[in-house]
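As structure tokens, the structure follows; a few thoughts come after it.
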There are 2 protein chains.
Amino acid sequence: MNPSDHDKSCCEVVAAHENITKELLGKMPPEEDLYDLADFFKVFGDSTRVKILYLLLCSEMCVGHIAATLGMTQSAISHQLRFLKQMKLVAAKREGKTIFYSLADAHIESILSQGYEHIKE
Amino acid sequence: MNPSDHDKSCCEVVAAHENITKELLGKMPPEEDLYDLADFFKVFGDSTRVKILYLLLCSEMCVGHIAATLGMTQSAISHQLRFLKQMKLVAAKREGKTIFYSLADAHIESILSQGYEHIKE
DNA sequence: CAAACATATGAGCAATTGCTCATATGTTCA
DNA sequence: TGAACATATGAGCAATTGCTCATATGTTTG
């Protein structure tokens, strides 16, 4: 759609041409995917979780170690790790009493670095 | 740090070696950047904003057109666009009465598509 | 200038979020 | 088996979020 089409009255045109609307919506991913996508990015939208992901980028770590490093409660970290695990961003591996978490998705590093590029401008 | 170091007692080791903690923190971006990064990703963590970004990926659009296409209030969209603009993800360009919004960052498309790859597995 | 249109914005509210606190589960070792 | 350790989890609460509603700002045209 060309912006110059809107010269007289933008939204009257919109109301008249619902076919254009449908065409645009057709080019987008299905509604449900967009919800899943937002939920996925919600994971990166909290600084505690971002910190955890950066730590796991260095090496796998146990819950207590993550909590100590970030200066936070074991409980708080455990809750966040559960969320990260549900979203399939981390994987858990038990070794005796302790449980090691590691990154479970190859996209994480590049997503983080692209976000980082954006804020550094 | 090697996971096998934790064989006896993970978190006692952690408490004893704060230097390791500091070394890990040193490899991460500074605290403030991590907050900014989380704020940046927060933008993608809402389905309305994701939808807006996908629409603008097709072409620039005015507020009323976005609202009509998504079946949402002009006010709701305008609020979200203000947020997107603050985060420098979209740019506004006035043409008479109407204001056209367009994507303002080259990373958006690849960030969205990498997220999309993740949820499609 | 007044009316019509497009967008922006402040206040308020329901829903969600991220933490804390207390407690439960699971593992090892004496 | 019981004590110590590592982690998980449910309830509850303060803070944040995304919307609505009413209204303000800004632009064009008669």
Side-chain angles (χ1 to χ4, degrees), chain A residues 3 5-16 34-35 38-39 41-52 60-87 90-102, chain B residues 3 5-16 34-35 38-39 41-52 60-87 90-102:
Chain A
D5 292 346
H6 295 76
D7 279 345
K8 330 118 200 174
S9 176
C10 161
C11 287
E12 286 170 9
V13 173
V14 170
L34 296 174
Y35 276 96
D39 283 341
F41 282 118
K42 226 166 254 172
V43 175
F44 297 88
D46 174 75
S47 63
T48 299
R49 289 190 292 269
V50 168
K51 288 176 189 173
I52 292 174
E60 61 177 4
M61 280 176 105
C62 66
V63 181
H65 196 170
I66 297 171
T69 306
L70 299 183
M72 295 185 66
T73 301
Q74 172 269 324
S75 178
I77 299 302
S78 183
H79 278 294
Q80 296 293 12
L81 284 171
R82 179 167 59 154
F83 183 30
L84 288 167
K85 195 170 151 195
Q86 275 173 2
M87 301 309 279
V90 305
K93 174 188 69 174
R94 167 151 246 150
E95 270 184 29
K97 282 180 291 186
T98 89
I99 299 181
F100 288 95
Y101 282 86
S102 56
Chain B
D5 292 346
H6 297 78
D7 279 343
K8 331 115 198 175
S9 176
C10 160
C11 288
E12 287 171 8
V13 174
V14 171
L34 296 175
Y35 276 97
D39 284 340
F41 282 118
K42 226 166 253 172
V43 175
F44 297 88
D46 173 74
S47 63
T48 298
R49 288 191 291 268
V50 168
K51 288 176 189 172
I52 292 174
E60 60 177 4
M61 280 175 106
C62 66
V63 180
H65 196 169
I66 298 172
T69 305
L70 299 183
M72 294 185 67
T73 300
Q74 173 268 324
S75 177
I77 299 301
S78 183
H79 278 294
Q80 296 292 14
L81 284 171
R82 179 168 58 153
F83 183 30
L84 289 167
K85 196 170 150 194
Q86 274 173 3
M87 301 310 278
V90 304
K93 173 188 68 175
R94 168 152 246 150
E95 270 184 29
K97 283 180 290 188
T98 90
I99 298 181
F100 289 95
Y101 282 85
S102 57

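In what follows, chains carry the letters A, B, and so on, assigned in the order in which the sequence lines appear, proteins first and then strands, with residues in each chain numbered from 1. What's counted below: heavy atoms across the whole structure, side chains too, no hydrogens, waters or symmetry copies.
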* Using the side-chain contact (heavy atoms from CB on, under 4.5 Å) rule, take B/I99 and B/L81 through it: C-alpha gap first, then chi angles, then the decisive distance, then the call. => CA-CA 11 Å; B/I99 298 181; B/L81 284 171; over 6 Å; no
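Annotation: the span from B/I52 atom CD1 to B/I77 atom CD1 amounts to 4.0 Å, rounded to 0.5 Å.
Atoms CD (B/Q86) and C1' (C/dA8) sit 12 Å apart, rounded to a whole Å. Separating the CG atom of B/L81 from the P atom of C/dT7 is a distance of 10 Å, rounded to the nearest angstrom. If you take CZ of B/F83 and P of D/dT16, they are 13 Å apart, rounded to a whole angstrom. Rounded to whole Å, the distance from CG on B/D39 to C1' on C/dT17 is 14 Å. One interatomic measurement links the two molecules: CZ of B/R49 to C1' of D/dT17, which rounds to 8 Å at whole-angstrom precision. Separating the CD atom of A/E95 from the C1' atom of D/dA6 is a distance of 13 Å, rounded to the nearest angstrom. In this structure, A/Y35 atom OH and C/dT16 atom P are separated by 12 Å, rounded to whole Å. Put simply, CZ on B/R94 is 7 Å from C1' on C/dT7, counting in whole angstrom units.
Contacts of B/Y101 with the nucleic acid, taken as non-hydrogen atoms under 4.0 Å apart, involve only primed sugar atoms and P, OP1 or OP2. Within the nucleic acid shown, A/T73 comes within 4.0 Å of sugar-phosphate atoms alone, with no base atom in reach, counting heavy atoms only.
In this structure, of C/dA8, D/dA6, C/dC5, it is D/dA6 that holds the atom nearest to the side chain of A/K97. Side-chain proximity of B/V63 to the nucleotides C/dA8, D/dA8, D/dC19 is greatest for C/dA8.
When the nearest nucleotides of DNA chain D are assigned to A/R82 and B/M72 by heavy-atom distance, the more 5′-ward of the two goes with A/R82.
Note: B/F44 and A/F41 have tilted aromatic rings, judged against thresholds of 30 and 60 degrees for the angle between ring planes.
Residue side chain B/Q74 reaches the base of C/dA8 through a donor-acceptor N/O pair under 3.5 Å, judged by distance alone. With hydrogens and angles ignored, no donor-acceptor pair under 3.5 angstrom links the side chain of B/T98 to the base of C/dT7. Residue side chain A/S75 reaches the base of D/dT9 through a donor-acceptor N/O pair under 3.5 Å, judged by distance alone.
Pair check for D/dA22 finds C/dT9; Watson-Crick or G-U wobble, both atom distances under 3.5 Å.
Between the side chain of A/R82 and the main chain of A/L84, no donor-acceptor pair closer than 3.5 Å is present.
Side chains of B/M61 and B/T69 form a contact here, defined as non-hydrogen atoms less than 4.5 Å apart.
In this structure, A/H79 counts as stacked on the base of D/dT9 under the 5.5 Å centre distance and 30° plane angle limits.
Contact annotation: B/T48 reaches the phosphate of D/dC19 (side-chain N/O to OP1 or OP2, under 4.0 Å).
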